[in-house]
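Okay, so here's the structure we're looking at.
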Amino acid sequence: MTALFLRDLKLSIRAGGGALIGVLFFLTIVAVIPFGVGPDLKLLSRIGPAIVWIGALLAALLGLDRLFQAERDDGSLDLMLMQETPLVLTVLVKCLAHWTATSLPLVIASPLLGLFMNMDETAIGATMLTLLVGSPAITFIGAVGAAAAVALPRGGLLVSILVLPLTIPVLIFGVSATYAAVEDPAPFLPPFLILIALTLFFAVIGPTAAALALRNTAD
């Protein structure tokens with residue numbers, strides 16, 4: 001499993017620019033917002049957490065179609081299906097490697113973009129924490145779409161269309177927890193705990209559904 005994690009980590013970084021492309025796309029989304037809403041610093045500070053979360057969500061969707069594509073191209077997907085190691089565990093390790101290579105750099109870059117949106121220290125810290133906790137759920141959800149579209153020659157757009165509606169609850173509670181940390185009357189823990197629960201839920205459901213989709217695709 002360690003060897004599989006390191007292998008997928010290298011493949012995720014090399015394929016299509018990996019983390020660099022995601023961070024640049026993340027930066028581009030957040031950078032154009034001030035030009036659209038104007039130089040109102042209070043408005044930027046108020047909408048900043050939501051914009052950073054939306055940018056991170058869209059950037060995380062970029063490379064999901066490549067989650068199983070390398071195995072499909074070189075024929076090792078059939079070996080994955082026939083090996084003794086449970087396929088669910090293999091998919092889980094691949095999801096963790098993909099998240100480390102593509103989504104973790106977005107979490108690390110979020111404080112810089114938070115400053116760009118005129119967010120204070122509390123909002124930046126809450127945004128980074130919620131992204132760290134909630135972004136794995138996006139990868140686990142995306143694994144299902146990637147497995148369903150792995151046989152298609154150009155399934156990138158299809159994966160994004162399939163995955164995006166399912167990630168809305170993660171986005172809602174991630175943004176809600178961030179705003180709750182900034183606004184005193186609103187409690188931070190309830191939406192934050194729900195966000196953790198969503199990640200744990202999809203950590204179980206996502207790899208299981210993706211494994212079933214891979215077996216159906218092979219059949």
Side-chain angles (χ1 to χ4, degrees), residues 19 22-23 25-34 36-37 40-64 92 95-145 160 162-207 209:
V23 171
F25 186 73
F26 187 24
L27 176 62
T28 301
I29 294 175
V30 177
V32 299
I33 298 300
V37 302
D40 189 343
L41 295 181
K42 291 184 178 179
L43 177 60
L44 290 176
S45 178
R46 187 164 64 250
I47 67 174
I51 298 302
V52 172
W53 248 99
I54 292 173
L57 171 61
L58 296 178
L61 296 178
L62 276 181
L64 286 176
L92 177 62
C95 288
L96 294 176
H98 181 84
W99 176 83
T100 303
T102 58
S103 295
L104 185 58
L106 303 179
V107 178
I108 297 174
S110 61
L112 176 62
L113 298 180
L115 292 175
F116 191 79
M117 295 297 294
N118 196 40
M119 294 162 54
D120 59 22
E121 293 83 357
T122 303
I124 291 175
T127 302
M128 187 176 183
L129 181 60
T130 53
L131 281 175
L132 181 64
V133 171
S135 57
I138 301 173
T139 302
F140 293 131
I141 297 171
V144 183
S160 299
L162 291 174
V163 170
L164 187 58
L166 299 176
T167 59
I168 297 302
V170 180
L171 174 65
I172 291 174
F173 287 104
V175 175
S176 298
T178 303
Y179 280 125
V182 179
E183 301 172 0
D184 292 332
F188 171 74
L189 274 181
F192 183 70
L193 292 178
I194 293 176
L195 185 63
I196 295 176
L198 286 173
T199 298
L200 295 176
F201 174 77
F202 286 116
V204 176
I205 299 298

Who pairs with F116 by side-chain contact (heavy atoms from CB on, under 4.5 Å), at least two apart in sequence or on another chain?
V30, A31, P34

Those residues that, when tested against L64, pass side-chain contact (heavy atoms from CB on, under 4.5 Å) (two or more places apart)
L61, H98, V159, V163

What verdict does the side-chain contact (heavy atoms from CB on, under 4.5 Å) test give for I33 and V37, after you've listed the backbone C-alpha separation in whole Å, the side-chain angles of each residue and the deciding distance to 0.1 Å?
CA-CA 6 Å; I33 298 300; V37 302; 4.2 Å; yes

Distance-only criterion, 3.5 Å: show the donor-acceptor pairs between side-chain atoms of residues 122-129 and protein atoms not counting sequence neighbours.
| residue | atom | partner | partner atom | Å |
| --- | --- | --- | --- | --- |
| T127 | OG1 | A123 | O | 2.7 |

Got a list of side-chain donor-acceptor pairs under 3.5 Å for residues 167-177, not counting sequence neighbours?
| residue | atom | partner | partner atom | Å |
| --- | --- | --- | --- | --- |
| T167 | OG1 | L164 | O | 2.7 |
| S176 | OG | I172 | O | 2.7 |

Under a 4.5 Å cut-off applied to non-hydrogen side-chain atoms, are L193 and I196 in contact?
yes

Closest heavy-atom contact between A180 and P187?
CB-O, 3.2 Å

If I compare all heavy atoms of G55 with all of F26, which pair ends up nearest, and what's the gap?
C-CD1, 3.4 Å

What distance separates [X] [atom1] from [Y] [atom2], expressed to the nearest 0.5 Å?
X    : Y    : atom1 : atom2 : value
S160 : L62  : OG    : CG    : 7.5 Å
L166 : L162 : CG    : CG    : 8.0 Å
L27  : L106 : CG    : CG    : 11.0 Å
L96  : L104 : CG    : CG    : 11.5 Å

Looking at residues at least two apart in the chain, or sitting in another chain, which of them share a ring-ring contact (aromatic ring centres under 6.0 Å, His included) with F192?
F188

Show me the donor-acceptor pairs within less than 3.5 Å that the side chains of residues 41-53 make with the rest of the protein, sequence neighbours left out.
| residue | atom | partner | partner atom | Å |
| --- | --- | --- | --- | --- |
| S45 | OG | N118 | O | 3.3 |
| W53 | NE1 | T130 | OG1 | 3.0 |

With a cut-off of 3.5 Å and sequence neighbours excluded, list every side-chain donor-acceptor pair involving residues 131-143.
| residue | atom | partner | partner atom | Å |
| --- | --- | --- | --- | --- |
| S135 | OG | W99 | NE1 | 2.8 |
| S135 | OG | L131 | O | 2.5 |

